[in-house]
Structure formats: C-alpha cells, structure tokens
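Written below as structure tokens is the structure these notes are about.
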There are 2 protein chains.
Amino acid sequence: MKKKTTIYDIAEKLNLTAATVSRALNNNEKISESTRKLVQETALEMNYEQNTLARALKSGKSYNVGVVVPRMDSNFFASVIRGIEEELYPQGYHVIVCQTHDQENLETGNINSLLNAQVDGILMSISNAKTKNKVFNNLFAKHVPLIFFDRKRDIDGVSSVTIDDFNGAYEATKHLIQQGCKRIAHLSNDRSLEIFKNRYMGYKQALLDHGLECDESLVIETASKVDEGRRITKQFLSMERPPDAIFSSSDFTALGAIQEIKEHGLKIPEDICVVGFSNEPFTRFMELSITSVDQSPIEMGRIAAQVFLEEVNNGKKIKMQKQIVLTPELMVRKSSSKLK
Amino acid sequence: MKKKTTIYDIAEKLNLTAATVSRALNNNEKISESTRKLVQETALEMNYEQNTLARALKSGKSYNVGVVVPRMDSNFFASVIRGIEEELYPQGYHVIVCQTHDQENLETGNINSLLNAQVDGILMSISNAKTKNKVFNNLFAKHVPLIFFDRKRDIDGVSSVTIDDFNGAYEATKHLIQQGCKRIAHLSNDRSLEIFKNRYMGYKQALLDHGLECDESLVIETASKVDEGRRITKQFLSMERPPDAIFSSSDFTALGAIQEIKEHGLKIPEDICVVGFSNEPFTRFMELSITSVDQSPIEMGRIAAQVFLEEVNNGKKIKMQKQIVLTPELMVRKSSSKLK
DNA sequence: TTATATTGGGTAATCGATTGCATAAAAATA
DNA sequence: TATTTTTATGCAATCGATTACCCAATATAA
C-alpha cells in the first residue's frame, strides 16, 4: 500500500516548502505564476489528493452538513434531499442524512450526534412537537447554522424554507367547494407543528369565506399513516351526517380514506371527494388518481441549501434570518373531479 | 462564543499533561484508577467533547461510511439504510448517503467523492451495469472496505449481502403456475445486473420444472418505472396469444402492468395474475393488493453493516470475503389469488 | 541493603494542511 | 547609486488528539 502523497512530498520533489505548495494549490495570489503551474502539474502527476481531515481540523470546517428528516422513504423528503445535494455537492459539501422516525429521542440524539461529527450546519424538518427548543441551544452556542424546511418552528435567528400551507389548504378546500361539496371533513396531523396548523387554518378560512359552517367534529388529528386514514374515515362514515368530502393534510391518510370509502361501497368522487397533500407519486399512479397539493420539494431543498451557503459564507459576522415561502400548486385529479 | 474545551484545558486545570488526559479518557490501563476518575469527572464538568476531526486526522479514521444507492425514495433502500444506521450508530459511525439515480457518472462521482471525504468504508448497491470495475480500484488501493448489498457484482475480495433472487423468482413463478397460469410473462430489468439475471433464471427454471414452455418473446427488459410497466404490458396485451400472468422483477413495473391491464378491461386476477418484487408498502395498500417478494431490507442493512464492522476491525490484516444470502419470502395477495 | 520490577505519568513527535510573520531577491523609485 | 517597494517564498506555530519511548517513584525480590 503506497502512502498517499502529501504536500510535503510535492514540496520535497520541487525543493520548495509545504507552505508554498499549499498556497500554490489554493491559488494564493502571492505565488508566482510559474511555480503555481509547476506545483499544480506536479500535484496532478503525483496523484495528490487533499487530506480533507487535515483541512477540516485546521479550518474548523468539516464540509459536512447534517440533514434531519422524519423519514426518507417518502418522495417528498427524498426529493428535498436531492435538491439539497444538487446545490451542495458542487461546493464540496457532503450530506449526512438522519431519520427520526418521528421519535423525539432520535431527534435530539441525531442533532447531538451531528454536532459531535462537527457538521458545518444542519438542515432539518422538525418531526416532533415535543422536541424542546433547548435542543438547539447547543447549535447556537457553537454557531452552527440551522435551517428549517417544510416543518419549521419559529425561533429567533433561524431561517426557514416552507410552502404557503395556508394557501395550499385554502385552494384545495375551495376546489372541493367548487365541486359542490358542502360538508368537508379535514384529516389533520399534529397541529402543534406549524404546517399542519396552517393547513387547518387555510381549510377553515375557505369554509368561512364560502359561507359553509365549520363543524369541528369533522376535523380529526392523526398520524400520517395509511391505516390511520382508514381508521378515522371509518369514524367519519359512521356519523349521522357523514361528510361529502375529505381534505387530508397527508397523501398517506388520504389513501387510507379512499380505501375505507370504497370498502363502504361509496363512490369517489360521486359520493365523496378526497384531496391529499404533498403530491406523492402514488397519487398520480393510482387507478383512481388522487388530487393533491404539490410542494415543489426539489426546489425547497435547493433553496434551503442556498440559504445555508449564504449563512456559512457570511462567516458569523452577520446574523440573518430568512423566511422563504414557496407557492404550492393544486394538482386536480380524479378523486375530486365531480364536475365534467 | 466560548471555545470548546480540549484535553489541554483539562490537563492544565488538573496539573497533568494532555497525554495523561487522553489516556485517562480512553481508559488506558496505564493510568491509575484515581486520576482516571478525576479526569473523567473534570471532563464532564468542563463539558468536554472529543474533537472528532483531530481524532480522525491522527487515527486516519473518519468514522463516516458511505452508502451508495440508486435512490432512496423507495421503501426498500430506505429500509436498508435504516438497518445500516441501526447497526452503525451505536458504534459511533455516521452514514453519508449518496443517490446515483441510475446514472453512471453519478455512481463513479459519488465513490470518488466519498473517498475524498475519507470514509472508512462504502456499502453500495450497484445501479448501473456500465460502471467499470476500475472505479473500485481506488477503493482497494486505499484499503477502504467495500460491501455490496442487493445489487452486487462479483469482485474478488468484496463481500456481499443479497437475497436469493433465483429462489424468490422461482417461488413466485411456481405460485403462479399453481394458480393455473400457463403463459407467464416476465417483466425484467437490466439483466447485466446479477439480481435481475437471477430472477430471470429462477423464473425460467420454474417454468421448465413444471413442463411449461419458455417463450422468450414473453420476457422483456425495461427500467423499474411505473410508466415502463404500462408500456411493456401494452405490448404483451396486443400479442396474438397474450400472457395469463406477469411476473415482474419490480413492484413499480408490476403496478404499471396492473393499470394497463385494467384499462384494457381485463380482470385481475381472473384474466391475468400479477406478481411483483420487493414488497414495497404500496403493494399492500392498493385496493387490489399486489403479490410480491419480500427482501427483508432492514435485516439486509444490518448484516451489511456487521460485515463492514468485521472488516474494519480486522484491520486489513485478514482479507476476507463473505457472501451472505438471505431467504426471500413470497407475500401472496389479491393480484394473484385466483383460487379460493 | 541492594538490585530489579512495576506502576504512573511526562516528553515530544506525529497526523497534513494552513497562515501570520519574517526575509531575500528583484523591481521600482529617488 | 542608494533607497524604498514589491514579489515570492521560507519559518514555525497551530488545529486537538494519540502514542512510542523514556524515566522517576514505589514495590518486590534477592
């Protein structure tokens, strides 16, 4: 096993010092054009590769960023991560992805673990409402930038990239109303998380604006799982006055709802319309395709990454807080297309 | 911003040397019980955290491992990664996930990039048959362990964890035969990748063993995408003698097949049976649930991680090559349940 | 009592790259 | 020609932790 070549090897070969070699490789302007070229060519020849660990130790930058998501096997998060990678890779960063599986201890554990790995920043989507803000203090103390995407929390000095959930929900609900639905239920998620609260608010506002009553018994909160969607929908259907539409803040619960409704012998969209949220691929691929709200995840990831880059490059001098809000898009499909 | 405490700070406070502190923290047996305790308590008090970058530089170990997958928004890969994490996290490792999106240049790019980040090992599922084995030479030269999972390639000295694809396909096909199907088509994928070749072989062997002819025009290779499944199935259905069953080596193409079949007004499973591969969650959640082959991805990930740990801990002394093969399980569901 | 072991811990080099400061040589200016 | 400025490079410390080697003090053996 031949040792890796270091700048010392290059220096020795060229009768220079490591310092000069280092500068030449970094295109330091204090180095003459000729030696710079010479060094760079020799480096190439000798198959030199920078030791990132040494660079990291000296500079205090690891060129790793942590990404914390509830799970990565949803198209939404996978796409956000893809967007982040697309933006960060060309800058020499690597991405360490951690899944929390919605467990609070994993959430705090992951953050500390990433911190311990000396990441240069953390991009995250909060999964658990119970996670204390205190967890982030470690981050702040170490001046490690934190950027929220999608599921954010309002913390002073922390930037975020989200979509306009209120508006997305508003449009979705309005669409249902325009289809003639009068009694629209809402399959909600943990509303101590902003996004779900906002979707709920948007839903409510749309009802109000169109003169429909807002029956709180038609709003039920649950986990974003297919089976949960089924369970709650069963409850809906057993009401004296069951809903004629369901607006779900998750595609997975929307899917469960559809299964349950069909099992009850009801027709979609004729008897009940269903709208989901996130535009997961399966909503498009189902035989009965599902209307959903697209969140442009790749762009969300890219922008989050850009905000991160701005913050690290600002070098702690400037404390900035950006709140970027993207506009969602309603994708109308069969599950809610009552009218021709 | 208070500086991080280092072992020097602790040393100074206790009137010791950094060496002693380091040893005490690492439970070196050359340190007396009393000072060891003293140091460890003081470290705790002073909020000491090891600088992983320094440790990495000195030891040459980054405690990062790279995981390269075609994509991570499939439940299969996400679950494998989860298994890997579960095994590696407790050992202090972090996981850097890279997606290749089936692009060759991304595949080689990712490997080099991970190498550059000085990962201690790479676990990967090959995505592109065109990727030259040459790419791995860099790995070998640096003695970075490489472990294949699922999609492997036969390379001397490289361990792998896979399932018995041949057997999985054999059982799936046998099941179709037992349901009375006589003309079974095979939606295949790139057979220059072992797993797909093996699935094809298992399919073929099952036909042979049960006295059915193997019509090569019923075997078509395509990408693992829903739309591709549709496209090929359309071809199948337009044949003079269309198949009465489709065994797909991917759940996604199986889904496409189902859509197309229904659109043609045919009934599943009465007219045509369909079986997929991977046991993606949606196969279970579809109204018409899809029979599929489970690959126990979490276990696959865990085992791959264990193999990696064995290899690094063996410290390059022993060169070992393990080939671990898990047994798949056929999950029979509606899409192929012709018989009561 | 003297010689030998053992225990506990210090010294200093090392991992590879970066960078503030110093300086010789070359160029520009007086 | 003498002096100042500029240019190109070297010197050495530094980032924080680890470890081979050395040595004093105590314990054990002869």
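Every chain is numbered from 1, with letters handed out A, B, ... down the list of sequences. Because the structure is predicted, anything quoted here is derived from the model rather than measured.
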Examine the side chains of [X] and [Y] and answer whether a donor and an acceptor come within less than 3.5 Å of each other.
| X | Y | value |
| --- | --- | --- |
| B:Gln118 | B:Asn64 | no |
| B:Ser160 | B:Gln323 | yes |
| B:Asp73 | B:Gln99 | no |

*For B:Asn28, does its backbone N or O pair with a side-chain atom of B:Arg23 as donor and acceptor, under 3.5 Å?*
no

Measure from [atom1] on [X] to [atom2] on [N] and round the result to the nearest Å.
| X | N | atom1 | atom2 | result |
| --- | --- | --- | --- | --- |
| A:Leu14 | D:dG10 | CG | P | 10 Å |
| A:Lys30 | D:dT6 | NZ | P | 9 Å |
| B:Asn51 | C:dT14 | CG | P | 21 Å |
| A:Leu57 | D:dT14 | CG | C1' | 9 Å |
| A:Ile7 | C:dT18 | CD1 | P | 6 Å |
| A:Glu12 | C:dG16 | CD | C1' | 15 Å |
| B:Ile31 | C:dT7 | CD1 | P | 13 Å |
| B:Tyr8 | C:dT11 | OH | P | 12 Å |

*Earlier contact from the 5' end, DNA chain C, for A:Thr20 and B:Asn15*: B:Asn15

So, is [X] near the phosphate of [N], with a side-chain N or O under 4.0 Å from OP1 or OP2?
| X | N | answer |
| --- | --- | --- |
| B:Gln118 | C:dG16 | no |
| B:Asn26 | D:dA17 | no |
| A:Ser59 | C:dA17 | no |
| B:Thr17 | C:dG10 | yes |

*Touch check for B:Leu16, heavy atoms < 4.0 angstrom, all strands: base, sugar-phosphate only, or nothing?*
sugar-phosphate

Counting only side-chain heavy atoms from C-beta out, which of [options] sits nearest to [X]?
| X | options | value |
| --- | --- | --- |
| A:Arg23 | D:dA17, C:dT19, D:dT19 | C:dT19 |
| A:Ser22 | D:dA17, C:dG9, C:dT18 | C:dT18 |
| A:Thr6 | C:dT14, C:dA17, D:dT9 | C:dA17 |

*asked:* Is there, by distance only and without an angle test, a donor paired with an acceptor across the side chain of B:Arg36 and the base of C:dG8 below 3.5 Å?
replied: no

*By nearest nucleotide on DNA chain D, pick out whichever of B:Ala54 and B:Ala19 is the more 5' one.*
B:Ala54

*asked:* Strictly below 4.0 Å, N to O, side chains only: are B:Lys4 and B:Asp9 in salt-bridge contact?
replied: no

